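What follows is a short report on a single structure.
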Amino acid sequence: MTTQEFVQEQVAIVGKQVQAVFRNMPADKWDEQATPQSMSSRDTLHHLAECCQAFLTSAEGGEHDWGSWSVEDTSSDNLMKVYVDLRDKCIAKVGESEDPGIMKLAGDFLSIHEAYHVGQMVTLRLMIGGDFDPYSIYS
């Protein structure tokens, strides 16, 4: 397995976890927070989409201006679509590069950072109740 294949695999696994933790989120719970300082589900998914954009900008040699990127339609369906579309571009970028710097960026933005937010979202899902299975994030 090449480094690119390994990083792509890790990024894909965490991306599936992100999608799983948001799947069947009750429509009336998207703006609830675990704590007053926490992000809501809507904020978290928007943030993760921005992280994908930040990766793409950084991979092209640019510097992302945090907070300047936004999605006009923040409905849950649209946010997930934007996230998945950007994530697919990120995975393709990793696959076309042998640059160790891009591999590090992918690990930072798309694996480690996203896994952190998956954990937060699992906790939020458990707090808001319903029939969410915390093990459903695993393949």
Side-chain angles (χ1 to χ4, degrees):
M1 177 179 280
T2 67
T3 301
Q4 296 119 306
E5 291 168 337
F6 176 78
V7 173
Q8 279 182 301
E9 173 96 6
Q10 295 301 299
V11 169
I13 289 168
V14 177
K16 288 176 185 172
Q17 289 182 339
V18 169
Q19 291 179 52
V21 81
F22 283 99
R23 189 173 298 121
N24 299 321
M25 169 69 78
D28 63 336
K29 303 293 185 184
W30 274 83
D31 295 307
E32 290 199 21
Q33 299 165 264
T35 70
Q37 300 82 15
S38 302
M39 288 190 275
S40 67
S41 299
R42 188 178 321 280
D43 293 337
T44 299
L45 191 53
H46 186 277
H47 171 68
L48 294 177
E50 182 174 16
C51 289
C52 290
Q53 183 58 57
F55 166 79
L56 293 169
T57 300
S58 299
E60 293 296 327
E63 188 172 321
H64 184 72
D65 182 15
W66 289 99
S68 67
W69 183 91
S70 66
V71 176
E72 191 170 315
D73 176 0
T74 61
S75 65
S76 57
D77 288 342
N78 189 62
L79 280 175
M80 184 55 74
K81 180 186 179 318
V82 169
Y83 167 78
V84 169
D85 290 348
L86 284 168
R87 201 100 189 341
D88 288 345
K89 291 177 185 175
C90 293
I91 292 171
K93 186 69 172 172
V94 170
E96 68 190 28
S97 177
E98 293 184 22
D99 181 347
I102 289 178
M103 300 305 138
K104 182 180 179 329
L105 287 170
D108 291 347
F109 282 104
L110 308 172
S111 288
I112 297 168
H113 183 77
E114 283 194 0
Y116 163 79
H117 285 291
V118 167
Q120 289 180 323
M121 286 302 305
V122 166
T123 299
L124 178 61
R125 291 295 304 265
L126 293 171
M127 288 178 67
I128 63 176
D131 61 354
F132 178 73
D133 174 7
Y135 297 103
S136 67
I137 66 169
Y138 299 109
S139 296

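From a predicted model like this one, the values you see are computed outputs, not experimental measurements. Note that these values count all heavy atoms, side chains included, but never hydrogens, waters or copies made by symmetry.
- Of the possible polar contacts, none joining the Glu98 side chain to the Gln4 backbone as a donor-acceptor pair under 3.5 Å is found.
- In summary, the side chains of His117 and Gln120 do present a donor paired with an acceptor at a separation below 3.5 Å, with no hydrogens or angles considered.
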Any chance you could lay out the side chain to side chain contact (heavy atoms under 4.5 Å, CB included) test for Val21 and Gln17, step after step, and finish with the verdict? CA-CA 6 Å; Val21 81; Gln17 289 182 339; over 6 Å; no
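- For Glu32 (side chain) and Lys29 (main-chain N/O), no donor-acceptor pair under 3.5 Å exists by modelled atom type.
- Within a 6.0 Å radius of CG in Asp108, other residues, nucleotides and ligands contribute more than 12 heavy atoms.
- Summarising the local packing, CG of Asp28 is surrounded by more than 12 heavy atoms from other residues, nucleotides or ligands at distances under 6.0 Å.
- Ring pair Trp66/Phe109 is parallel by interplanar angle, where below 30° counts as parallel and above 60° as perpendicular.
- Looking at Asp77 and Lys81, no side-chain N of the basic residue comes within less than 4.0 Å of a carboxylate O on the acidic one, giving no salt bridge.
- Below 30°, between 30° and 60°, or above 60°: for Tyr116 and His113 the angle between ring planes is between 30° and 60°, a tilted geometry.
- Pairing each heavy atom of Met103 with each of Val94, the nearest pair is CE-O, 3.5 Å.
- At least one donor-acceptor pair under 3.5 Å links the side chain of Ser58 to the backbone N or O of Ala54.
- The cluster map of Ile, Leu, Val, Met, Phe, Trp and Tyr, joined by side-chain heavy atoms under 4.5 Å apart, puts Leu56 and Val7 in the same cluster.
- Defined by atom type and a distance below 3.5 Å, a donor-acceptor pair is missing between the side-chain atoms of Asn78 and Ser75.
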